[in-house]
Asks: 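Below is the structure I would like to discuss, written out as structure tokens.
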Amino acid sequence: MTRTVVATTPIEGQKPGTSGLRKKTPVFMQPHYLENFVQSIFNATGGAEGKTYVLGGDGRYFNDRAAQVILRMAAANGAKKVIVGVNALLSTPAASNLIRKRKTDGGIIMSASHNPGGPTEDFGVKFNSDNGGPAPEGITDKIFAETRSLSEYVICESHDLDLSAPGMTTLYGMEIEVVDPVVDYHLMMEEIFDFEAIRTLFASGFTLRFDAMHAVTGPYAKAILEGSLGAPEGSVVNAVPSPDFGGGHPDPNPIWAKPLMDLMFSGDAPDFGAASDGDGDRNMIVGRNAYVTPSDSLAVLAANATLVPGYKGGLKGVARSMPTSRALDRVAEALGIGCYETPTGWKFFGNLLDAGRATLCGEESAGTGSDHVREKDGLWAVLFWLNVLAVRQQSVAEIMADHWAKYGRNYYSRHDFEAVDSDAAHGLMQALRTRLPNLPGREVEGMTIEAADEFAYDDPVDGSRSEGQGIRILFKCGGRIVFRLSGTGTEGATLRVYLEKVETNAAALQDNPQNALSGIAAAADSLAEIRARTGRNAPDVIT
Ligand code: VG1
Ligand code: CO
């Protein structure tokens, strides 16, 4: 076997976004593209010499080929060992768990998460640090800097490694341990949740539909929900990971998980419905005739945490991304615990979790998690709900009604305008930015603006500052609009408009969210001139 030093030149645009580097698959498959980025990861983190890594991905097109390249590069860079999931599959939370449990120096996750996969769709690579979480901005900035000055990478030649079953092998002196991707994750879930109570729930006839969306969570959900907890066979659907996610869009929201939504709002609805995304870190929760917004789900989990064995001692604190609704804040206030507001992206929760300041974290984009790993965790959220349902013996709709009666309801929705012309989207944000100082006091759609700013975050643990994290408009009535551009898209720009309205009047807690938010949505359009500037009459996705 030979180790080759390959001369290369920097490739434009290898800047990690909200969650790693995501590009169209053909871009990633260009000569040197993947190799340059992987070498930059090693270079930016002090080299791979003597280090141990975890490697896995969500099984999308190019996952298998990329894994072979990364293993050959890790070996050539002198890594001591790589722990890799069978067939190079690992859900993102399972990868985070392995990094922590096996005390590795970090991990490489091959995923573009909720983005579609396939030869003409998206691929991605993300580096996680030794705490199991996505590398913080300080490191991703260094990786990007490396990509801009790289002149060579190293790789060794070898036949494809057999990753089809657990076992040990070596490559150019580097150990490769192929592990079952599910086992360790399964054990961790058993430590957190009351499996006995959930088993009893299923034994009593409780019904579930879990849509794995042809993505990586399928094997995990099958083993845990059907295998261990006794949900009837067939409760988990679309459970076999496929390279193009069955031609679908593995994003668990009412649009892309429409078959599940249709079922849950039909006469045949099971008691509980859930879905997860491409890499298994997102979740959608839906009861019979009751869709739970991710922001509400986070608040409900926080309010009910002590019902779960893993959190029975209470929460140290909670955290949410800025655009996530403030339903969580009300729960934190009632519990007398801290509530942190961070920029979008899980990497910002890492320090709070490491420092023991927060136990639960969440984002409006269907991400919920806790200090059990350093990623959001889709199946964990589903098990959390099942544990709460098993203890409370109420339906999802009853739990929601009860929650809103106690805390009030934060009506919430996100409107996405996808693949918008990049200049138009940036122009819209810039125009808003310029007008921010003049907005307070102005009246829009009958509501008075109380404050308007661009969110910046000062990390309370390491003191780092992140600017330009979204424009927020706060109304005197408690309503809020947030505007941001996506950092995970691979085509043009995606404008995300987050709408929120607080309701405490007991008679108005069961409205349709789009209805309740129509005034806020009209205000968003009039303030940002969305229609005029993007040429779009309606959002592409409403969550
Ligand atoms: C989106 C979500 C964000 C999430 C990120 C990664 O980012 O808004 O909350 O953390 O995706 O999730 P953006 O920049 O497109 O808004 V995943 O499941 O794609 O790793
Ligand atoms: Co994801």
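Both ligands and their constituent atoms are indexed starting at 1 by order of listing. No hydrogens, no waters, no symmetry mates; every other heavy atom, side chains included, goes into these values.
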Asks: Can you list the ligand 1 atoms lying under 4.0 Å from a non-hydrogen atom of D281?
Replies: 18 (O), 20 (O)
Asks: Ligand 1 versus N115, non-hydrogen atoms closer than 4.0 Å: side chain, backbone, both, neither?
Replies: neither
Asks: Have a look at E363, R282, K126, E364 and point out the one with the heavy atom closest to atom 1 (C) of ligand 1.
Replies: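 It is R282 that holds the nearest heavy atom.
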Asks: Step by step, work out the salt bridge (charged side-chain N to carboxylate O under 4.0 Å, His left out) result for D244 and R60.
Replies: CA-CA 6 Å; D244 69 347; R60 70 182 58 224; over 6 Å; no
Asks: With a cut-off of 4.0 Å, which atoms of ligand 1 are near a heavy atom of D277?
Replies: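 Near D277, the atoms of ligand 1 are 18 (O).
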Asks: Under 4.0 Å from a heavy atom of S113: which atoms of ligand 1 are those, numbered in the order shown and with their elements?
Replies: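 The atoms of ligand 1 under 4.0 Å from a heavy atom of S113 are 17 (V), 18 (O), 19 (O), 20 (O).
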Asks: Can you measure from SG (C361) to CD (E375) and round to the nearest 0.5 angstrom?
Replies: 11.5 Å
Asks: Using a heavy-atom cut-off of under 4.0 Å, does the side chain or the backbone of R22 touch ligand 1, or both, or neither?
Replies: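 Under 4.0 Å from ligand 1, R22 contributes side-chain atoms alone.
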Asks: Is there any side-chain hydrogen bond (donor to acceptor under 3.5 Å, both in side chains) pair reaching into residues 356-365, and which pairs are they, with sequence neighbours excluded?
Replies: E364-R414
Asks: Could you tell me whether a side-chain N or O of E226 sits under 3.5 Å from a main-chain N or O of S235, the two making a donor and an acceptor?
Replies: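 At least one qualifying donor-acceptor pair exists.
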Asks: Any atoms of ligand 1 less than 4.0 Å from a non-hydrogen atom of G345? List them with their elements.
Replies: 10 (O)
Asks: For E418, enumerate each residue passing the salt bridge (charged side-chain N to carboxylate O under 4.0 Å, His left out) test, keeping only those at least two apart in sequence or located in another chain.
Replies: none
Asks: Suppose I only count heavy atoms of T18 and a 4.0 Å limit; which atoms of ligand 1 are within that range?
Replies: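 The list of qualifying atoms is 5 (C), 7 (O), 13 (P), 14 (O).
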Asks: Starting from atom 7 (O) of ligand 1, find the nearest protein heavy-atom neighbour and note its residue, name and distance.
Replies: T488 CG2, 3.5 Å
Asks: Roughly how far apart are C339 SG and D329 CG, rounded to 0.5 Å?
Replies: 4.0 Å
Asks: Taking the cut-offs as 6.0 angstrom to the six-membered ring centre and 45 degrees off its axis, would you call K23 and F28 a cation-pi pair?
Replies: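 Here K23 fails the 6.0 Å and 45° test against F28.
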Asks: Quick one: does ligand 1 sit under 4.0 Å from the side chain of T344, the backbone, both or neither, non-hydrogen atoms only?
Replies: side chain
Asks: Quick one, T147 with F37, criterion side-chain contact (heavy atoms from CB on, under 4.5 Å). Give me CA distance, side-chain angles, the key distance, then yes/no.
Replies: CA-CA 6 Å; T147 68; F37 191 65; 4.0 Å; yes
Asks: Any idea how many protein N, O or S atoms are nearer than 2.8 Å to the Co ion (ligand 2)?
Replies: 4
Asks: Can you sort out which atoms of ligand 1 are near G487, meaning under 4.0 Å from one of its heavy atoms?
Replies: 13 (P), 14 (O), 15 (O)
Asks: Tell me which one of R496, K376, H114, R484 gets a heavy atom nearest to atom 6 (C) of ligand 1.
Replies: K376
Asks: Counting only heavy atoms, which portion of S365 has something under 4.0 Å from ligand 1: side chain, backbone, both, or neither?
Replies: side chain
Asks: Please test L527 against I473 for side-chain contact (heavy atoms from CB on, under 4.5 Å), starting from the C-alpha separation and ending with a verdict.
Replies: CA-CA 10 Å; L527 282 166; I473 317 272; 4.1 Å; yes
Asks: Could I get the full list of salt bridge (charged side-chain N to carboxylate O under 4.0 Å, His left out) partners for R326, not counting sequence neighbours?
Replies: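 Scan of R326 (salt bridge (charged side-chain N to carboxylate O under 4.0 Å, His left out), adjacent residues dropped) gives E500.
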Asks: Step through the shown structure and confirm whether more than 12 heavy atoms of other residues, nucleotides or ligands are within 6.0 Å of OH on Y61.
Replies: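 For Y61, atom OH is not crowded (no more than 12 foreign heavy atoms under 6.0 Å).
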Asks: Looking only at the aromatic ring of each residue, does the gap between the centers of F384 and Y311 stay below 6.0 angstrom?
Replies: yes
